[in-house]
4 protein chains.
Amino acid sequence: MASRKMDKYELILEAALKVIAENGFHGSQISKIAKEAGVADGTIYLYFKKKEDILISLFQERLGGLIALFHESVKDSASADEALRTVCNIHLSELENNVNLAYVTQIELRQSNLELRVAIGNVVKPYIQLIEHILEKGVQEQSFRADLDIKLTRLLIFGSLDEVVTSWLISGRKYSLIGQVDKTVEFFLRGLK
Amino acid sequence: MASRKMDKYELILEAALKVIAENGFHGSQISKIAKEAGVADGTIYLYFKKKEDILISLFQERLGGLIALFHESVKDSASADEALRTVCNIHLSELENNVNLAYVTQIELRQSNLELRVAIGNVVKPYIQLIEHILEKGVQEQSFRADLDIKLTRLLIFGSLDEVVTSWLISGRKYSLIGQVDKTVEFFLRGLK
Amino acid sequence: MASRKMDKYELILEAALKVIAENGFHGSQISKIAKEAGVADGTIYLYFKKKEDILISLFQERLGGLIALFHESVKDSASADEALRTVCNIHLSELENNVNLAYVTQIELRQSNLELRVAIGNVVKPYIQLIEHILEKGVQEQSFRADLDIKLTRLLIFGSLDEVVTSWLISGRKYSLIGQVDKTVEFFLRGLK
Amino acid sequence: MASRKMDKYELILEAALKVIAENGFHGSQISKIAKEAGVADGTIYLYFKKKEDILISLFQERLGGLIALFHESVKDSASADEALRTVCNIHLSELENNVNLAYVTQIELRQSNLELRVAIGNVVKPYIQLIEHILEKGVQEQSFRADLDIKLTRLLIFGSLDEVVTSWLISGRKYSLIGQVDKTVEFFLRGLK
DNA sequence: TATGAATGAGCGTTCATTCAT
DNA sequence: AATGAATGAACGCTCATTCAT
């Protein structure tokens, strides 16, 4: 049944997230994920072609959900300024509220080979495009500088946010990530104007 | 003789850099590095305790050299603005001029275990501290905003630069990295003022 | 199925016994044992945690069986004299009839590390205790000397038998081991009375 | 110079004894022995053809010295009884007084391959022959039984003594080895008469 | 669909021995 | 005689993937 299939598919993804968060990327064998999911090793290969596919799907399903959330939230923004603030806010708050996901995506899954990195890049791309659209909108609205290099700036913004999250995780999450939003957005907005 | 010992040590590091750049982190077996260096497998263990130590040394020797270059160059800067520009310039130009090093440090060595990640962090730390000093100097000179959150801002700057380099590599190096310096610095300076 | 699992477990033990007897302890790689057993290298690790565990199990299963045989046989003995004779008889005849086992336990497995030596000691201990019980019984029956040092004497007896077997193997098994029983027992009994 | 050569030869043997006693057979690499002896690794190969030869020489030089001591001591014995007592006495007292040698010969060097075992056998052979001579003398003197199987009995005696020493070592040397002489000799003499 | 026993390729590391100096 | 840097063969163990049931 389709519903049962989805159940088991989700079950395995959820198990993978938990196992990787607890054991790290290199300590997460298929057998461990299978055990956590309550299925046999072989069953996993009915839903995923290779081990890597679990990780790619994990990215797609979980981060893809975030992307949708971004779009949804940005739709209501009156200005590019507000949209950018909303994006930063969601980026940091969602990851602060989902530490396992943050840990796995920022730290563990980066210990992966080129193929997986590329797949991760594909998942992140729509997010970077969203930032791009906001920048374009800001320029059109004459809220942002007309001479802005949009392709470059979107990277500067994404890279900053990414580093802030990673640094927060590595430091042991001793401070609030959401508390960084305002000053981060201010830095961006000044750079954009 | 000390010189010969250094020769072989350097020989192995150079070989490792080349092999990792060509074959990726997971495709770089000790035997392959030894062959490239023209020494026996066992010889590598006269200079490095574990395989990982080659990678750590690679980071320390090569990137550590960059850090020294940063300090040297910044010393002559009249202002914080100029110092920041110098740092960005060196960061991007050195990696553009040393693609193997860029590829290995930005892409391959991040696929490593915790111990190596920690060692990498230790190498990067002085660099982030250098950025921090420049920010402090700028605030003292009243060139930068007094309300700047220095701990946060240094991350924003480092994360931006890091992402710019990685993105350039993944895109296939289709444009000039140094060409991004001016616009990147301008974005930073506006954010800082 | 349980029976199949036992089959493979036994298959590997049997193969190990044969391979060690033919190639010596240090010439018995996992791959050789696996090949002899007709299984893949990895399969061995489904039944044994480490290579050493094969050897320990070999000892426990094969010599442990002998110990049970000793107890069984001794039960019916009317006197301590007879019990001692039975023990010597079984000790020498069983090893003479199972040369591979004799060779592996007397010669090859003694070339092992501390952990294995300890495990071997644990298997041999019940046997030495059996000898001890016979000696105690003999003293109670006033068949053996009352001033016998039982802890010492059990070693003298075990050491003698052990040396007789080893010497027989090293000499190339040019004579009958069972033929030594009567004179050996007589030497012991005179010493005990 | 011959004397210097002997010096270094002895130096290496002494170092080997110490290193094996401290680190066990498998923890005693050539480099460790060389360091302990204060010579270069390569120097060892000027005095010994292979690593094994050090061990064989260790046996020959140290245990060979004991054999000479046995012959010397037995010469003065009035009777076979006394000679046997002397042999047992020396065997146990010398090893009790030289624990390193006892440990290395009884425990560590037995973890060796066939070639070394054979060499060890050759060193032990004169000792077993000495026991044989005493037995023959005893039979001639009509002190021992005329029907004694000398080839067998010498093994029984040697095996007993060997086991007593090994057991004493493994037990942690919690009692006096020399204190076992009288009861051991009594057991032998009763068996011989 | 689901199972889980079986597979077997793959690799870091050690260390006895050599040999140019 | 002495050195010690260099050699390179050798092997236990893991784990992603398969497939008979």
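Order of the sequence lines sets the chain letters (A, B, ...), proteins ahead of strands, with each chain counted from 1.
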Check your understanding: Using Watson-Crick and G-U wobble pairs whose two distances are both under 3.5 Å, how do you write the pairing of DNA chain F as dot-bracket, with | for links to another strand?
Key -> .||||||||||||||||||||

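Checked against ring-ring contact (aromatic ring centres under 6.0 Å, His included), C:Phe48 has the following partners two or more places apart in sequence or in another chain: C:Tyr9. D:Lys50 is linked by a side-chain contact (heavy atoms from CB on, under 4.5 Å) to D:Glu52, D:Asp53, D:Glu115, counting only residues two or more places apart in sequence or in another chain. A:Glu14 pairs by the side-chain contact (heavy atoms from CB on, under 4.5 Å) definition with A:Leu17, A:Arg62, not counting sequence neighbours.
For F:dA6, the OP1/OP2 oxygens have a side-chain nitrogen or oxygen of B:Lys8 closer than 4.0 Å. Between A:Tyr45 and the phosphate of E:dT3, there is no side-chain N or O to OP1/OP2 separation shorter than 4.0 Å.
With the nearest nucleotide of DNA chain E identified for both A:Gly38 and D:Lys51, A:Gly38 has the one nearer the 5' end. Place C:Asp41 and B:Glu52 on DNA chain E by their nearest nucleotides, and C:Asp41 ends up nearer the 5' end.
Candidate nucleotides E:dA9, E:dT1, E:dT7 were compared by shortest atom distance to the side chain of A:Leu46, and E:dT1 ranks first.
Contact between A:Leu95 and A:Ala102 at its shortest, heavy atoms only, is O-CB, 3.6 Å. Of all non-hydrogen atoms in B:Leu13 and B:Leu58, the two that sit nearest each other are O-CD1, 3.5 Å.
Non-hydrogen atoms lying under 4.0 Å from DNA chain F are contributed by A:Gln29, A:Ile30, all within residues 13-36 of chain A.
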For residues 18-32 of chain B, please give each side-chain donor-acceptor pair under 3.5 Å, one per line with the distance, not counting sequence neighbours.
from    : atom 1 : to       : atom 2 : distance (Å)
B:Lys18 : NZ     : B:Glu36  : OE2    : 3.2
B:Asn23 : ND2    : B:Val19  : O      : 2.9
B:His26 : ND1    : B:Gln111 : OE1    : 3.1
B:Ser28 : OG     : B:Gly24  : O      : 2.6
B:Lys32 : NZ     : B:Gly27  : O      : 2.9

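Going from the P atom of F:dT21 to that of E:dT1 covers 22 Å, rounded to whole Å.
In this structure, A:Thr105 contributes its side chain and A:Leu101 its backbone to a donor-acceptor pair below 3.5 Å.
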